[in-house]
Amino acid sequence: MSLWYPSRLSTGPPGPNTPITMQSQYEPSAVEAEAQAFWTDRQAFAVKEDPSRPSYYCLCMFPYPSGRLHMGHVRNYTIGDVITRFLRMQGYNVLQPMGWDAFGLPAENAAMKNGVPPARWTYENIAYMKRQLQSLGFALDWDRELATCQPEYYRWNQWLFLKMLEKGIAYRKTGIVNWDPIDQTVLANEQVIDGRGWRTGALVEKREIPMYYLRITAYAPDLLDALNDMPGWPERVRAMQANWIGRSEGVRLSFPYELQGEQRLLSVFTTRADTIMGVTFVAVAAEHPLATYAAQSNPQLAAFIEECKLGTEQEAEIAQMEKKGMPTGLFVKHPISGEPVPVWVGNYVLMTYGEGAVMGVPAHDERDFAFALKYGLPIKQVIEPAASNAHRRALRDGVAQSNDTVRDPIRPEDRHVLEGGIAKFSVAEWQSWYGEYGVLINSGKYDGLEHAAAIDAIAADLSAKGYGEKHVQWRLRDWGISRQRYWGCPIPLIHCPKCDVVPVPEQDLPVVLPEGLVPDGSGNPLNKTPSFLDCKCPRCGGPARRETDTMDTFVDSSWYFLRFASAKNDKAMVDERANYWSPVNQYIGGIEHAILHLLYARFWTRVMHDMGLVKVKEPFQNLLTQGMVLNDIYSRRTGEGAIEYFNPVDVNVQVDAKGARVGATLNSDGKPVEWEGMRTMSKSKNNGVDPTKLVEQYGADSVRLFMMFKAPPEDTLEWSDDGVEGASRFMRRLWRMVHEHVTAGLVSGKVSGELTDEQRNVRRAAHSTLQKVTDDLGRRRVFNTAIAAVMEFMNTLSKFEDQTPQGRAVRQEALEFVVQMLSPIVPHAGHVLWQALGHTDPLIDHSWPQPDAAALVRDSIDVVIQVNGKLRSQVTVEASATEQQIREAALADATVQKWIEGKPVRKVIVVKGKLVNVVV
RNA sequence: GCGAAAGUGGCGGAACUGGUAGACGCGCUGGAUUUAGGUUCCAGUGGGUAACCCCGUGAGGGUUCGAGUCCCUCCUUUCGCACCA
């Protein structure tokens, strides 16, 4: 239903100077209803593969259907929509799909709270959130919608998992999980609070259970190398991924020992083999076989090991907890000196990284130092650190000469103190040693060698003895995908008492997850569901039991973008259409996914590529990581340490005469509340903003405009109601400007003939604004500066009052530019204003305008003049002025003369078209 | 702890390639319109100073004719750390 021109789009253009009746008031709800109805009726954003046109795949990370859209979603999808609409106007065949990351823990938590099956909760959330998305006017192809909890989707997880199993990419081994002994259930990390189960408060135990892993480590070198060839990704994301994959070159070496009459080896990996003569102990993980052996005859040690096993597996916590250890009483032999080295159990040694054992060199490693100091272990210096940063870097990079002098050596009197046990030296002294490269001392035949040469020599000797070799170690671990939970994709395996683990045959896929179950917190409900559990062994036909573990939800999100491109194919996981659309040209989502999701998707795509399913290997060509949305937090202490949080809309902020914040009070009682700064919107801090209410109050366009204007896409965005108000004010201003113009009669925007100076200036501003906005939206992908440029131009245009036919033509062209430039951001208003300006073609099908080079030409340029680098004056010169002419004009300027009076001019620097610097 | 990033007016930000610091907006101040509030419009708004000018981009050094931008040291804040998604 159209409120303004019921038949405009079918009856052709009005004649020149036809009086126009346009609603004088901007009513966003009516405008948005009309534009959305128009797009829906035409299925304007459903796209087909068309090899004759350049394709563009613009994708935002699909949401978890948590119940309601939050402002982070709105920001994410608005960025994607602006890019989509801009590129569509540039002539691309643009795919922008949407779906739902529908499996996951929150649905189970909701089920426990409300007794509603996760499936129902999820589908209701999807329905609600879909309406919210539609109200924001995103140019989405809803024909390709998918939810990962649908069997039509997850059957292909299962299918590919079985293929991976065949190829050895998927395999079974044991892994450690958090076990709640009261609820008899496995907990996620976020369900463990201070080492206790979130519901039961029971001390959480670690359990080893069989799980399935995907061999992502086999792809580690390729995943790392390819990062160098991904210019469309932010540097920091590539750096984070590279660190995560963590390639490190070093030496794997072994400490021989005798146990129960047998010769064995204790292996460690180190990047600092040059410090090997400084080893004074070896630490092993609590789970290490040597620790287990020693504990058999040592109850104290056994107790300590149990304590370690209770501890966290989380890297962040391990790194920050107190380093504790206990001697095993066992000794191994130093692989070079043959001297006995004590073996300790350390709570900071991870079984899952490397060999589960580390060599301790207290003099040159911070953690080892802390450990040695605490337990009175010897500290032996074996590296003389280089004095200067430059020299240190040179040593590290292997470019230092071996005869480079080492300045500022440790004084000999400091040295001997260290060799006899607990050191009596200052930590400041010692700190200059650790983590540094230098020249070896106290290392026998290796004395005098520098870092790289020392490692070479030591590795060669170890290799000759069979005690070690150079080795490349990766930090990346294989991807454990088993989850002992209900609401996920079933792992398609069957346990047969006779045949062990048997894959579900391909023709029996999908293994459908029963949707009616309600988890109650005591383990996976699938284990109590015989209709799911009981089955026949596909191999022997005997009674068997179905696997009840489900897959990590990162599996679902590792290939959904390929499925969007192969939507609704019930015969295959993906098809030729995926090759038309992929890679995703622009991927947009939160920085919090910088490592895991993006790395898993890169891995999964490579696996599909290697199986010949898709041509693409690297799934995301360009990546934009949008920042978070923050809001103020207001609170009040309510005695007994309890804190009550108040929503910012209920708070009145007091400011001083300059507008600086001086305090805040609660609207309802007028009493002060405390401002705790700005944080991400959350329920617990009561600082959320409901997108639906905002759309009702201001309209989707104002909300979109505010979010794009407030901050660059990658930065955090601070919510402000005043800011949305400002965006709304701008929309009314835009509306009024077009209204005033068109009610005076329509004119053509084709400008020809002689223009006055003012007309030329306005026209130049219009075209240069268009040039800037095109660059900002396209190459730079920043929207706040594009909007600012349009605002600035509108300030110019509002001062232009020329009502001559020529002046009105200039204004018509300018307003058409404004509406077009803003239309990716405020598409509803754009749609209606475009018609108001007399156009019969819908704006979404109109191509993006091109600036006219002739309109951009300037006759004169303002040149800034500095004297000794300080701004002193300004002159206007002809655009064609030579460097010599600019210099003369600058020196002739009266103000400049005053500043250089009596001083000889030493130098004059001329930056063409911009600036002159006179040095006196 | 390790890894990654960011610090510019009262606030969000702009300055893209080393070249006029503070565009644009919010807030604030004064004025016009209005019965009033709101809306709208006009003017002003980094600090110091009577003024000329001086000082100013987290702190301190450096390179340069010229530094928010490049280099070094330090401080603060935010994000990630493998079962939240």
Side-chain angles (χ1 to χ4, degrees), chain A residues 61 63-64 66 101 103-106 109 175 177-178 186-192 234-237 239-240 242-244 246 313-321 348 352 366-367 389 475-477 479-485 552-554 557 590-597 599-600 627-628 630 653 655-662 677 679 706 709-712 714-718 720-723 725-727 729-730 732-733 736 772 775-776 779-780 782 784-785 787-792 795 862-866 868-871 874 906-909 911 914-919:
Chain A
M61 291 181 186
Y64 179 79
S66 55
D101 190 12
F103 274 137
L105 201 53
N109 294 342
V177 295
N178 304 309
V186 174
L187 300 179
N189 285 339
E190 72 159 10
Q191 296 174 317
V192 180
E235 179 61 44
R236 63 171 169 154
V237 176
M240 278 193 256
N243 288 324
W244 188 259
E313 277 286 295
Q314 287 186 56
E315 194 183 287
E317 288 182 41
I318 289 166
Q320 278 166 96
M321 71 190 179
Y348 64 99
T352 43
E366 191 174 356
R367 283 175 311 177
N389 280 330
R475 208 185 82 95
L476 185 67
R477 308 200 292 255
W479 175 15
I481 58 157
S482 296
R483 298 290 179 270
Q484 296 69 41
R485 276 197 276 281
D552 180 5
T553 56
F554 276 126
S557 55
I591 184 72
E592 66 272 22
H593 295 291
I595 296 175
L596 291 181
H597 160 59
L599 194 62
Y600 291 149
M628 297 176 309
L630 316 182
V653 177
V655 294
D656 64 17
K658 284 180 179 172
R661 180 201 295 265
V662 291
R679 287 286 160 96
F706 165 74
F709 177 63
K710 183 75 173 173
E714 313 235 83
D715 291 8
T716 57
L717 183 149
E718 298 186 359
S720 115
D721 289 327
D722 288 329
E725 201 79 60
R729 195 149 55 223
F730 175 82
R732 289 197 294 272
R733 191 165 178 227
R736 209 167 46 240
K772 170 163 178 61
D775 188 46
D776 280 357
R779 179 184 63 90
R780 295 217 302 153
V782 285
N784 56 329
T785 50
I787 295 165
V790 176
M791 287 174 166
E792 197 176 357
N795 290 341
D862 295 333
V863 175
V864 161
I865 309 169
Q866 298 178 334
N868 284 346
K870 284 196 172 157
L871 179 67
Q874 197 175 341
R906 291 229 314 266
K907 205 172 180 184
V908 179
I909 289 142
V911 181
K914 264 189 183 162
L915 165 145
V916 177
N917 190 10
V918 183
V919 186

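Here the structure is a predicted model, which is why all the values come from computation and not from measurement. Chain A is the first sequence line, chain B the second, and so forth, proteins listed ahead of strands; every chain is numbered from 1.
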A.B. asks: Only counting residues at least two apart or in another chain, list the ones meeting ring-ring contact (aromatic ring centres under 6.0 Å, His included) with F706(A).
C.D. replies: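 Once residues adjacent in sequence are excluded, the partners of F706(A) under the ring-ring contact (aromatic ring centres under 6.0 Å, His included) criterion are W719(A).
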
A.B. asks: Between Q191(A) and N178(A), is there a side-chain heavy-atom distance shorter than 4.5 Å?
C.D. replies: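 No; the side chains remain at least 4.5 Å from each other.
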
A.B. asks: Sequence neighbours excluded, which residues qualify as salt bridge (Lys or Arg N to Asp or Glu O under 4.0 Å) partners of R779(A)?
C.D. replies: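 Scan of R779(A) (salt bridge (Lys or Arg N to Asp or Glu O under 4.0 Å), adjacent residues dropped) gives D775(A).
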
A.B. asks: I'd like to check the side-chain contact (heavy atoms from CB on, under 4.5 Å) partners of A789(A); sequence neighbours left out, ordered by chain and number.
C.D. replies: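 Testing A789(A) for side-chain contact (heavy atoms from CB on, under 4.5 Å), a comparison that skips the adjacent residues, returns T769(A), K772(A), V773(A).
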
A.B. asks: Side chain of L915(A) only, please: which of C26(B), G25(B), U20(B) is the nearest?
C.D. replies: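 When the side chain of L915(A) is considered, U20(B) is the closest of C26(B), G25(B), U20(B).
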
A.B. asks: Got a second to check how far I481(A)'s CD1 is from T553(A)'s OG1, nearest 0.5 Å?
C.D. replies: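 Taking CD1 in I481(A) and OG1 in T553(A), the distance rounds to 11.5 Å.
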
A.B. asks: When rounded to the nearest 0.5 angstrom, what distance separates CD in E718(A) from CE in M628(A)?
C.D. replies: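 Spacing of CD (E718(A)) from CE (M628(A)) equals 10.5 Å.
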
A.B. asks: Atom CD of E718(A) and atom P of U78(B): how far apart are they, to the nearest Å?
C.D. replies: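 Rounding to the nearest Å, CD of E718(A) and P of U78(B) are 13 Å apart.
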
A.B. asks: Could I get the full list of side-chain contact (heavy atoms from CB on, under 4.5 Å) partners for H597(A), not counting sequence neighbours?
C.D. replies: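 Testing H597(A) for side-chain contact (heavy atoms from CB on, under 4.5 Å), a comparison that skips the adjacent residues, returns M61(A), F554(A), S557(A), Y560(A), Y587(A), H593(A), A601(A).
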
A.B. asks: Over all heavy atoms of both residues, which pair between W244(A) and L599(A) is shortest? Give the atoms and the distance, please.
C.D. replies: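 Shortest heavy-atom separation between W244(A) and L599(A) comes out as CD1-CD2, 3.5 Å.
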
A.B. asks: In this structure, how many angstroms lie between the P atom of C53(B) and the CG atom of L871(A), rounded?
C.D. replies: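 Checked: the CG to P distance equals 11 Å.
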
A.B. asks: Is there any protein nitrogen or oxygen under 3.5 Å from a nitrogen or oxygen in nucleotides 5-7 of chain B, and what are the pairs?
C.D. replies:
none

A.B. asks: For K870(A) and for V782(A), find the nucleotide of RNA chain B with the closest heavy atom, then tell me which residue's nucleotide is more 5'.
C.D. replies: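 Going by which nucleotide is closer to the 5' end, it is V782(A).
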
A.B. asks: Quote, to the nearest angstrom, the C1' distance that separates U29(B) from G10(B).
C.D. replies: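 Between the two C1' atoms, the distance is 13 Å.
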
A.B. asks: Mind checking what makes ring-ring contact (aromatic ring centres under 6.0 Å, His included) contact with W479(A), not counting sequence neighbours?
C.D. replies: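 Only Y600(A) meet the ring-ring contact (aromatic ring centres under 6.0 Å, His included) criterion with W479(A).
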
A.B. asks: Are there any protein N/O atoms within less than 3.5 Å of an N/O atom in nucleotides 63-71 of chain B, and if so, which ones and at what distance?
C.D. replies:
| unit_1 | atom_1 | unit_2 | atom_2 | d |
| --- | --- | --- | --- | --- |
| C65(B) | O2 | N917(A) | ND2 | 2.5 |

A.B. asks: Taking the P atom of each, how far is U49(B) from C74(B), in whole Å?
C.D. replies: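 Their P atoms lie roughly 38 Å apart.
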
A.B. asks: What pairs with R732(A) under salt bridge (Lys or Arg N to Asp or Glu O under 4.0 Å), at least two apart in sequence or on another chain?
C.D. replies: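 Per chain and number, R732(A) pairs via salt bridge (Lys or Arg N to Asp or Glu O under 4.0 Å) with no residue.
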
A.B. asks: Please name all residues satisfying salt bridge (Lys or Arg N to Asp or Glu O under 4.0 Å) with E190(A), sequence neighbours left out, ordered by chain then number.
C.D. replies: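 Not a single residue meets the salt bridge (Lys or Arg N to Asp or Glu O under 4.0 Å) criterion with E190(A).
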
A.B. asks: Pick the C1' atom in U63(B) and in C16(B), then give their distance to the nearest Å.
C.D. replies: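 Rounded to whole Å, the distance is 23 Å.
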
A.B. asks: From the list C16(B), A14(B), G19(B), which nucleotide is the closest neighbour of the side chain of P712(A)?
C.D. replies: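 Nearest to the side-chain atoms of P712(A), counting from C-beta on, is A14(B).
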
A.B. asks: Measuring only the C1' atom in each nucleotide, how far is G46(B) from A21(B)? A whole number of Å is fine.
C.D. replies: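 It comes out at 10 Å once rounded to the nearest Å.
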
A.B. asks: Return the minimal non-hydrogen interatomic distance between R485(A) and V186(A), and the atom names on each side.
C.D. replies: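 Taking every non-hydrogen atom into account, NH1-O, 4.1 Å.
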
A.B. asks: Determine the interatomic distance between P on A6(B) and the same-named atom on C55(B); round to the nearest Å.
C.D. replies: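 Looking at atom P only, A6(B) and C55(B) are 30 Å apart.
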
A.B. asks: Which value, in whole Å, describes the distance between the C1' atoms of nucleotides C54(B) and G60(B)?
C.D. replies: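 It comes out at 22 Å once rounded to the nearest Å.
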
A.B. asks: What pair of heavy atoms forms the shortest contact from M240(A) to A594(A), and how long is it?
C.D. replies: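 Looks like CE-CB, 4.0 Å.
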
A.B. asks: Does R779(A) contact C16(B) through a side-chain donor or acceptor facing the base, at a distance under 3.5 Å?
C.D. replies: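 Side chain to base: pair found, below 3.5 Å.
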
A.B. asks: Can you tell me which stems RNA chain B forms, taking runs of 3 or more consecutive Watson-Crick or G-U pairs with both distances under 3.5 Å?
C.D. replies: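 Runs of three or more consecutive pairs: B:1-7 with B:75-81, B:10-12 with B:24-26, B:27-32 with B:40-45, B:46-48 with B:53-55, B:58-62 with B:70-74.
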
A.B. asks: For R780(A), give me all partners under salt bridge (Lys or Arg N to Asp or Glu O under 4.0 Å), at least two apart in sequence or on another chain.
C.D. replies: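 Salt bridge (Lys or Arg N to Asp or Glu O under 4.0 Å) list for R780(A), sorted by chain: D776(A).
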
A.B. asks: Please report the distance, rounded to the nearest Å, between CD in E725(A) and P in G25(B).
C.D. replies: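 Atom CD in E725(A) sits about 16 Å away from atom P in G25(B).
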
A.B. asks: In whole angstrom, what separates D656(A)'s CG from U29(B)'s P?
C.D. replies: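 Between P of U29(B) and CG of D656(A): 9 Å.
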
A.B. asks: Within the structure provided, determine whether V919(A) and V908(A) are in side-chain contact (heavy-atom separation under 4.5 Å).
C.D. replies: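 Contact flag for V919(A)/V908(A) side chains = no.
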
A.B. asks: In this structure, how many angstroms lie between the C1' atom of C11(B) and the NZ atom of K710(A), rounded?
C.D. replies: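 One finds 7 Å between C1' of C11(B) and NZ of K710(A), rounded.
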
A.B. asks: For C75(B) and G58(B), measure between their C1' atoms and round to the nearest Å.
C.D. replies: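 So the two C1' atoms sit 7 Å from each other.
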
A.B. asks: Spell out protein contact along nucleotides 79-85 of chain B as letters: B when the base is contacted, S when just the sugar-phosphate is, - when no protein heavy atom is under 4.0 Å; keep the 5' to 3' order.
C.D. replies: SSBBBSB

A.B. asks: Between G18(B) and C70(B), how far apart are the P atoms? Round to whole Å, please.
C.D. replies: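 The same atom, P, in both gives a distance of 8 Å.
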
